[in-house]
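Presented below is the structure to which this report refers.
Residue numbers begin at 1 in each chain, while the letters A, B, ... track the order of the sequences.
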Number of protein chains: 2
Amino acid sequence: METPAEPRFGHSDPTPEQLRAQFGRLLGMTAGHTQRIVNGALADVGARKYHFAVLATLDEFGPSSQAQLSDRTGIYRSDLVATVNELAADGYVRREADPGDRRRNVVSMTEAGGERLGQLAAILTRTNAAILAPFDAEERERLTGLLHRLLEHVADRGSW
Amino acid sequence: METPAEPRFGHSDPTPEQLRAQFGRLLGMTAGHTQRIVNGALADVGARKYHFAVLATLDEFGPSSQAQLSDRTGIYRSDLVATVNELAADGYVRREADPGDRRRNVVSMTEAGGERLGQLAAILTRTNAAILAPFDAEERERLTGLLHRLLEHVADRGSW
DNA sequence: TTATATTCGTTAGCGAGACAAACATTAGTC
DNA sequence: GACTAATGTTTGTCTCGCTAACGAATATAA
């Protein structure tokens with residue numbers, strides 16, 4: 001088992017079987033590439049996905065506290081601080097103290113924020129389409145259906 | 001109005017439409033949960049996926065230089081240094097200077113490393129099975145088939 | 001043969017993302 | 001008024017992917 005023998009000149013770099021066989025790896029690599037594409041497109045305009053998540057949430061629910069934003073986006077409260085900071089610095093959101101509850105901040109989207117959301121949404125629509133390009137409508141449905149089921153199963157706390 | 005603060009990834013508030021609609025998010029969240037499960041299982045025995053990747057590669061190709069390991073696992077050379085350090089510290093691999101090329105190190109798996117690989121492989125087999133539990137054979141094939149196609153498309157450098 | 005280029009391992013560091021711990025302030029309840 | 005709970009914030013940890021740079025060794029071209 002610990003004897004020499006071996007490659008030396010094998011210039012090809014095949015992926016080992018045991019690695020390729022892992023479903024988690026397949027999923028992870030696919031997601032990794034996909035996210036790299038999406039993140040790259042967002043980064044081109046100086047955004048991250050947290051920005052889109054917050055903006056989209058504000059658009060749908062209106063002014064919210066940070067705790068609400070955290071619950072609805074899944075972003076940790078601690079990470080939300082930085083996200084709101086960044087969005088506020090660019091004038092996309094406003095953060096004001098809630099007069100009714102002084103622990104709270106009310107975060108609301110500005111006009112510029114609405115435009116920004118439109119820009120980011122367009123980017124995401126575009127990249128999502130490009131990513132799914134090789135699939136026809138039926139395959140997309142199958143894929144998203146399977147992924148939804150998988151997500152539900154895998155997100156089920158208690159079983160893990 | 002609000003629920004207790006915790007269960008991270010399964011939020012309590014409704015997920016905004018624009019977020020839910022993103023395919024990238026679906027893929028990302030699914031992969032995220034999956035990897036958390038896998039990483040958690042590996043972490044329980046003090047391992048990371050890089051460890052498994054290197055061990056599995058050594059098992060299949062025999063003693064290799066770090067550059068070869070990097071090529072075959074996809075781990076960056078710089079990150080491989082730490083990985084080999086860790087594995088060597090635990091006695092799972094040996095790192096020796098290559099007498100034939102003094103720039104190189106020859107990394108080889110020890111007996112303990114072989115056992116470790118068996119342990120990690122068992123963990124991965126188990127978690128992969130659990131993850132795919134809700135699917136029957138035909139669905140698994142469909143899912144992996146679709147993911148493979150997606151991976152190929154999305155990993156295609158040049159188009160992005 | 002000498003100069004130049006390339007390879008290999010290594011160190012250091014960045015940034016995103018997911019997450020935990022602790023804390024001060026403020027509200028609500030007993 | 002004391003106790004508890006929620007909110008926002010700071011700080012820090014860890015994995016992962018990725019970049020830059022460097023010294024040593026080797027390969028190649030002039």
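- Between the P atom of C:dG9 and the CG atom of B:Asn85 lies a distance of 13 Å, rounded to the nearest Å.
- Applying the salt bridge (Lys or Arg N to Asp or Glu O under 4.0 Å) criterion to B:Arg149, with sequence neighbours excluded, gives A:Glu139.
- Summarising the geometry, the separation between CD1 on A:Ile37 and C1' on D:dG17 is reported as 15 Å, rounded to the nearest angstrom.
- Regarding A:Lys49, its NZ atom lies at a distance of 18 Å from the P atom of C:dG15, rounded to whole Å.
- The interatomic distance linking B:Arg95 (CZ) with C:dG9 (P) rounds to 9 Å, in whole Å.
- The side chain of A:Arg36 contributes no N or O atom lying less than 4.0 Å from OP1 or OP2 of C:dG17.
- Scanning for salt bridge (Lys or Arg N to Asp or Glu O under 4.0 Å) contacts around B:Arg95 gives an empty result, with sequence neighbours left out.
- Screening A:Arg116, A:Glu115, A:His51, A:Met109 for a side-chain contact (heavy atoms from CB on, under 4.5 Å) involving A:Tyr92 leaves a single residue, A:Arg116.
- Direction of the helix axis in the helix from C:dT1-D:dA30 to C:dC30-D:dG1 shifts by 10° between the two five-pair termini, rounded to 10°.
- OP1 and OP2 of C:dG17 both lie 4.0 Å or more from every side-chain N or O belonging to B:Arg25.
- Of the two residues near DNA chain C, B:Asn105 and A:Arg48, the one whose nearest nucleotide lies more 5' is B:Asn105.
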Sugar-phosphate or base contact per nucleotide [nucleotides 22-30 of chain C; S, B, -; heavy atom under 4.0 Å]: ---BBS---
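- With sequence neighbours left out, the salt bridge (Lys or Arg N to Asp or Glu O under 4.0 Å) criterion links A:Asp101 to A:Arg103, A:Arg104.
- With contacts defined as side-chain heavy-atom distances shorter than 4.5 Å, the pair A:Tyr50/A:Leu87 does not qualify.
- For the pair B:Arg77 CZ and C:dT7 P, the computed distance is 9 Å after rounding to whole Å.
- At the heavy-atom level, B:Ser78 lies under 4.0 Å from base atoms of the strands shown.
- If you check C:dT11, D:dG8, C:dA18 against the side chain of B:Val81, the one that comes closest is C:dT11.
- Counting atom types as modelled, A:Asp79 pairs a side-chain N or O with a base atom of C:dC19 as donor and acceptor under 3.5 Å.
- Taking the side chain as every heavy atom from C-beta outward, B:Thr127 and B:Leu42 never approach each other to under 4.5 Å.
- We find that CG of B:Asp71 is positioned 11 Å from C1' of C:dT7, with the value rounded to whole Å.
- In this structure, A:Met29 atom CE and D:dG17 atom C1' are separated by 12 Å, rounded to whole Å.
- When side chains are defined from C-beta on, A:Ser64 counts as touching A:Leu58, because their heavy atoms get closer than 4.5 Å.
- For A:Asp44 and C:dA16, the CG to P distance is 14 Å, given to the nearest whole Å.
- Considering only residues two or more places apart in sequence or on other chains, A:Glu111 meets the salt bridge (Lys or Arg N to Asp or Glu O under 4.0 Å) condition with none of them.
- Distances were taken from every side-chain heavy atom of A:Arg104 (C-beta onward) to each of D:dG8, D:dT9, C:dG17; the shortest belongs to D:dG8.
- Taking the side chain as every heavy atom from C-beta outward, B:Thr83 and B:Arg48 approach each other to under 4.5 Å.
- In terms of phosphate contacts, B:Tyr76 brings a side-chain nitrogen or oxygen within less than 4.0 Å of OP1 or OP2 of D:dC18.
- Two residues are said to be in side-chain contact when any heavy atoms from C-beta on lie closer than 4.5 Å; A:Leu69 and A:Phe61 fail this criterion.
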